[in-house]
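The next block holds one structure in the form of structure tokens; read it before the comments.
Predicted model only: the values in this text are computed from it and were never measured.
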Amino acid sequence: MPRRPGLRARQALPVALLATLLAGGVAPASASAAPKRVYQPGDASTCSVNPKLAKHSMRAMWIASVSNLNWPSRAGLSPKQSQAELIGLLELAKRNGHNAVVLQVRPTADTFWPSKREPWSHWLTGTQGRNPGWDPMAFAVQQAHQRGLELHAWVNPYRVAQDATGKKLSASHPARKHKDWTVSYGGKLYYNPGLPQVRKHVVDTITEMVAKYDVDAVHFDDYFYPYPVSGKSFNDSATYARYGKSMGLAAWRRSNINLLISDTRKAIQRTRPGTQLGVSPFAVWRNAQTDSRGSATTAGVETYDDLYADTRTWLRAGMVDYLVPQVYWSRSLKAARYGTVTQWWADLARQSPRSNVYLGEASYKVGAPGDKAWRNSRELVSHLELVSKQRDARGRAVLQGHMFFDASSVRANKLDAHRIVAREWYGKPALTPRTPWLDSRAPAAPSVKRVGNDLRIQAPGATQLVIYRVVKPGRVNGCDLADTRFVAAVVNNTGRWTIPAAQRGNAAWLVSAVDRGSNESAVTLVR
């Protein structure tokens, strides 16, 4: 298979050739005069790259289905209505310069696909188990990929019902057949994470989905053991007595969640290699006053102690492909300042070469009462500016992008905050971050032929193409291709791309191929 592209720029385009291209002419026919047609893009380790023009950056938004928060807007919509709403959200993502969506497809142990293991979600039809008459998952994957968006399938592992007894569960729901799998806590019903059969059920359900649909990632949110409810205890004492062995209760609970993470990732890689596992946890692992390794915060919840999710270990051990800590606070919140928390995660990311770290952003807080910082139209964009300064010794980004919660708040665009982000940071299309521990082999450089204003492109094994348009006097080198300055488009690999009328004229066109792992090939000059 072809090698991963190197980091150093190769031979630049000769001045004579570029002058000919810019004049709309043809490359010299002489073999001795003809230059190489393939060039290697540089990166931040060899070139000076403006963070606002980063070639690889996660730009995503969450689309929540639970309680019909984002989509569908209400249960019982017709297939046509529901499809139109989803397309509208995907188009919203594209308009805002995003390259991924995180779609909730298993909100309460029910599914948005025809599952043999769990019933249809009642957030679709209003009645759990009722067939909506179409396959939302297949539609979502097809429509997202058609627009060049990754589709991360968001799964809540343990939540069963929004009430304590599950009175609205369908007759076929596994929680009805296995009441011993469930625990009522804080007015809701959960699967018991300590039961091996529960873990197997969750992993098998996810495996079913991954086998059937070409998702780019499986995504867990922050709900593992439930958030603490004052005066209540999670009743798993019998399960602990049976399976806890010699471990303390807290250590045993953390072990249960570690096993879920490990088993899920192994199942995903067996089923569809290269598909990622990501988690968006509560952003404080532990406060420093609890543990010297923790962050300089005074948060009321600590993921390690309260949700039994050892996110620090997951990252350091490469147990997940990405983490998105939900840093849903402003720069000025005393208990957990945005800058303080992101600095802690940046320091941890530097020690974690087998996982990416993105930042979860609280779009829903923009313009809201309370912390006055959120009434500043530039609070959100200031987060991107702050994060971009976290670099490694070679000048590369340590924190590689952002996810915004949620789609409705992105659409509302209060204080014009998201338009500011899109204008100042997302004006050029970007690829999602690479995952070289899953796949570091780039596809071969594409073969490209120009016919009039059409580019005919052959790029076997590629999912996307990067189209560069270069108008620049003198020489073009690898550093010109290291960022998105000259990127005209990132498109699906359909084999053909038409130069827009507004971009025709004197320019050199170059094309690279990109695979599912966001590995970019060498760049081919269009003749």
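Between the side chain of S65 and the backbone N or O of Q104, at least one donor-acceptor pair lies under 3.5 Å. Under a 3.5 Å cut-off, the side chain of N68 and the backbone N or O of W123 do form a donor-acceptor pair. A distance-only check finds a donor-acceptor pair linking the side chain of W71 to the backbone of S82 [under 3.5 Å]. Judged by distance alone, with hydrogens and angles left aside, the side-chain atoms of S170 form no donor-acceptor pair with the main-chain N or O of G129 at under 3.5 Å. Formation of a donor-acceptor pair under 3.5 Å by the T108 side chain with backbone atoms of D110 is not found in this model. Side-chain N or O atoms of R147 include one that pairs as donor or acceptor with a backbone N or O of Q143 at under 3.5 Å. Counting only distance, with no hydrogens or angles, the side chain of Q269 and the backbone of G274 share a donor-acceptor pair below 3.5 Å. W344 contributes a side-chain N or O that, together with a main-chain N or O of R293, makes up a donor-acceptor pair within less than 3.5 Å. No side-chain donor-acceptor contact under 3.5 Å links E85 to the backbone of P72. With hydrogens and angles ignored, the 3.5 Å screen pairs a side-chain donor or acceptor of Q81 with a backbone N or O of S78.
Between L431 and V466, some side-chain heavy-atom pair lies under the 4.5 Å cut-off. Side chains of L384 and H402 form a contact here, defined as non-hydrogen atoms less than 4.5 Å apart. No side-chain heavy atom of M137 sits under 4.5 Å from any side-chain heavy atom of L103. Side-chain contact between V101 and L90 is present, with heavy atoms from C-beta onward closer than 4.5 Å. Considering only heavy atoms from C-beta on, F220 comes within 4.5 Å of P157 through its side chain. Counting only heavy atoms from C-beta outward, the side chains of D306 and T303 never approach each other to under 4.5 Å. Side-chain atoms of Y426 and N96, non-hydrogen and from C-beta on, never get closer than 4.5 Å to each other. Looking at S121 and T111, their side chains never come closer than 4.5 Å, going by heavy atoms from C-beta outward.
Across all their heavy atoms, L307 and F224 have their closest contact at O-CB, 3.8 Å. Taking both residues in full, the closest heavy atoms of A140 and L86 are given as CB-CD2, 3.7 Å, listed atom of the first, atom of the second, then distance. Residues N492 and G148 approach most closely at OD1-CA, 3.7 Å, considering heavy atoms. When all heavy atoms of S115 and E208 are compared, the pair lying nearest together is OG-OE1, 2.6 Å. Scanning all heavy atoms of the two residues, the minimum distance from R434 to S518 falls at CG-O, 3.3 Å. The minimum heavy-atom distance between V324 and G360, with the atom names listed, is CG1-N, 3.4 Å.
Two rings, from H383 and W374, have their centers less than 6.0 Å apart. The aromatic ring centres of F282 and W329 sit less than 6.0 Å apart.
Ring planes of W252 and Y240: tilted class, angle from 30 to 60°. Ring pair Y223/Y227 is perpendicular by interplanar angle, where above 60° counts as perpendicular and below 30° as parallel. A perpendicular orientation is assigned to the rings of F405 and Y364, their planes being inclined by more than 60° (bins at 30° and 60°). Taking the six-membered ring where tryptophan is involved, the planes of Y185 and F234 are perpendicular, since the angle between them exceeds 60° and thus also 30°. The aromatic rings of H219 and Y322 sit tilted relative to each other, their planes meeting at an angle between 30° and 60°.
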Original post:
Taking it one step at a time, do N256 and Y225 satisfy side-chain contact (heavy atoms from CB on, under 4.5 Å)?
Top reply: CA-CA 10 Å; N256 294 330; Y225 279 86; 3.1 Å; yes
Subject >> CA sep, side-chain torsions, deciding dist, call: S330, E379, side chain to side chain donor-acceptor pair (under 3.5 Å) >> reply: CA-CA 7 Å; S330 71; E379 175 65 26; 4.7 Å; no
**OP:** For the pair Y191 and Q197, evaluate side chain to side chain donor-acceptor pair (under 3.5 Å) and give the outcome as yes or no after the intermediate values.
**Re:** CA-CA 10 Å; Y191 280 137; Q197 54 268 44; over 6 Å; no
**OP:** Report the C-alpha separation of T297 and N287 in whole Å, then their side-chain angles, then the decisive distance to 0.1 Å, and conclude whether the side chain to side chain donor-acceptor pair (under 3.5 Å) test is met.
**Re:** CA-CA 5 Å; T297 52; N287 296 314; 2.6 Å; yes
**OP:** Could you go through the salt bridge (Lys or Arg N to Asp or Glu O under 4.0 Å) check for K266 and D263 one step at a time?
**Re:** CA-CA 5 Å; K266 289 175 183 176; D263 289 356; 5.0 Å; no
Original post:
When you look at V357 and L315, which way does the side-chain contact (heavy atoms from CB on, under 4.5 Å) test go after all the steps?
Top reply: CA-CA 9 Å; V357 179; L315 200 60; 3.6 Å; yes
**OP:** Test E302 against T290 for side chain to side chain donor-acceptor pair (under 3.5 Å), laying out the working first.
**Re:** CA-CA 9 Å; E302 297 167 289; T290 303; 2.8 Å; yes
**OP:** Using the side-chain contact (heavy atoms from CB on, under 4.5 Å) rule, take L69 and D406 through it: C-alpha gap first, then chi angles, then the decisive distance, then the call.
**Re:** CA-CA 9 Å; L69 187 60; D406 57 358; 3.7 Å; yes
**OP:** Please report the C-alpha distance between R272 and D216 in whole Å, then the side-chain angles of each, then the deciding distance to 0.1 Å, and finally whether the salt bridge (Lys or Arg N to Asp or Glu O under 4.0 Å) criterion is met.
**Re:** CA-CA 10 Å; R272 195 178 291 274; D216 299 280; over 6 Å; no
Subject >> Test log, rule salt bridge (Lys or Arg N to Asp or Glu O under 4.0 Å), inputs K168 and D163 >> reply: CA-CA 9 Å; K168 293 184 179 180; D163 63 276; over 6 Å; no
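Atom CG of residue L260 and atom OG of residue S262 lie 9.5 Å apart, to the nearest 0.5 angstrom. Rounded to the nearest 0.5 angstrom, Q464 CD and T494 OG1 are separated by 11.5 Å. Remark: L89 CG to M61 CE distance equals 5.0 Å, nearest 0.5 Å. Distance check: E118 CD to L169 CG gives 10.5 Å after rounding to the nearest 0.5 Å. Atom-to-atom distance recorded for W62:CH2 and Q326:CD is 5.5 Å, nearest 0.5 angstrom. Separating the OG atom in S355 from the CE atom in M319 is a distance of 9.5 Å, to the nearest 0.5 Å.
Residues satisfying the ring-ring contact (aromatic ring centres under 6.0 Å, His included) criterion with H173, sequence neighbours excluded, are absent altogether.
The side chain to side chain contact (heavy atoms under 4.5 Å, CB included) test with I206 is passed by exactly one of T264, T271, V215, L277: T264.
Both the sub-6.0 Å distance and the 45° axial angle are not jointly satisfied by R159 relative to the ring of Y190. Seen from the ring of F112, R106 does not count as a face-on cation partner, given the 6.0 Å and 45° thresholds.
Within a 6.0 Å sphere centred on CZ of R419, heavy atoms belonging to other residues, nucleotides or ligands number 12 at most.
The pair R441-D515 does not meet the salt-bridge criterion, since no charged nitrogen lies less than 4.0 angstrom from a carboxylate oxygen. Using a 4.0 Å cut-off between charged nitrogen and carboxylate oxygen, D321 and R354 do not count as a salt-bridge pair. With respect to R286 and D305, a salt bridge is recorded, a charged nitrogen being found less than 4.0 Å from a carboxylate O.
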